[in-house]
Protein chains: 2
Amino acid sequence: MPERGLLLVVSGPSGAGKGTVIEELFRRRAGLFYSISATTRAPRPGEVDGEQYYFLSKEEFEQEIAQDNMLEYARYCENYYGSPRGPVEDKRAQGLDVILEIEVQGAMKVRHNCADATLVFIMPPSIEELAKRLRGRGTESEDVVRRRLETSKAEIQTASAYDYIVLNDEVERAARDVDCIITAEKLRSQRYTGGFLA
Amino acid sequence: MPERGLLLVVSGPSGAGKGTVIEELFRRRAGLFYSISATTRAPRPGEVDGEQYYFLSKEEFEQEIAQDNMLEYARYCENYYGSPRGPVEDKRAQGLDVILEIEVQGAMKVRHNCADATLVFIMPPSIEELAKRLRGRGTESEDVVRRRLETSKAEIQTASAYDYIVLNDEVERAARDVDCIITAEKLRSQRYTGGFLA
């Protein structure tokens, strides 16, 4: 039986660069599985159930909630989004380390719902750099960017509730840090399954 | 002011290969300091105070114990051996990560005396390999080797009290593991000093 994989929650404020750090992490390290979210929003053209999302009806999603099958979920714009527990546990049982890329509020829920999750906060290098990144997308008005920045500042205050804080001033270094965190967490004595301890 | 360094205790049974793993670790990583023990035994020719050991008189050593200046100590063959707290704290304050290579009993004392120490247990790959290594030294009788093996088996049972267990089946991999443990421990949120959290 393979050693049970980790559940690694990668979170942080919008603009911190979670996605690019995770992409680089997948290039560096094998044995990872990127957890796919469930949603009640309609699939867009080309989207496949179980690839971009698990597409559920509102009734199905609410049943999953009722059965405690969501590690975390939230509702935006009339639609549910969440992290189904089943596939996460299946992949972990297969020995894969599951990466859950979620927002700060979701991360705190996983902390509560999954005692052995490892939480990593991706920290932007500075508020100035964060503002630059949010503005750099060029898709939002200055007003929206300012509101996002305020949210980000509030989210940064939750970082101390995470297990690890990784500064994303340089994507390769940040990915290497997360890589080391996974290696180290797998060496924790409570996870030791070497069979050498009687 | 530099970020405070770690105190990394590297321990494990005799024959586990603590010393070779640490040597390889020093080749891989900068910013480390190898903690020097204190002893009351007489210096041998060529030994220099503060290099191989801090050489203390029995009275001096007992005064250090009385003043709680020893992170751990033990008495063998009429002589004291111990790890002085002062140099460890000085080097940590300078931002160096201090490596303390000690026996299992000493490690448990450091756990008790230094709440923020990180404890790594170096695990031999098997009892058979451990026996081979102890015999390979060729300096001890079979009777002594057998007694050492019994002690080692008992020490292995303490591994779960450590933070991390590193299997030393291959020195380079083991050193890389310890390297990652240091990197990860420095990223723990309670050690975050990035100044970004208000």
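So that the names make sense, note that chain A is the first sequence line, chain B the second, and so on, each numbered from 1.
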For residues R85(A) and N113(A), determine if any side-chain heavy atom of one lies less than 4.5 Å from a side-chain heavy atom of the other. yes
Row check, Y164(B) ring normal vs R188(A) NZ/CZ: under 6.0 Å, within 45°: yes
Taking R133(B) for the side chain and P124(B) for the main chain, is one N or O donor matched with an acceptor at less than 3.5 Å? no
Which pairs pass disulfide bond (SG atoms under 2.5 Å apart) with one or both residues in residues 138-170 of chain A, sequence neighbours excluded? none
Got a sec, which hydrophobics cluster with I65(B), joining ILVMFWY side chains under 4.5 Å apart, including via others? L56(B), F61(B), M70(B), Y73(B), Y80(B)
If you check every heavy atom in residues 11-22 of chain B against those of chain A, which residues fall under 4.5 Å? none
What pairs of residues pass the side-chain hydrogen bond (donor to acceptor under 3.5 Å, both in side chains) test when at least one of them lies in residues 26-35 of chain B, not counting sequence neighbours? E24(B)-R27(B), R28(B)-D179(B), R29(B)-D179(B), R29(B)-T183(B), Y34(B)-E101(B)
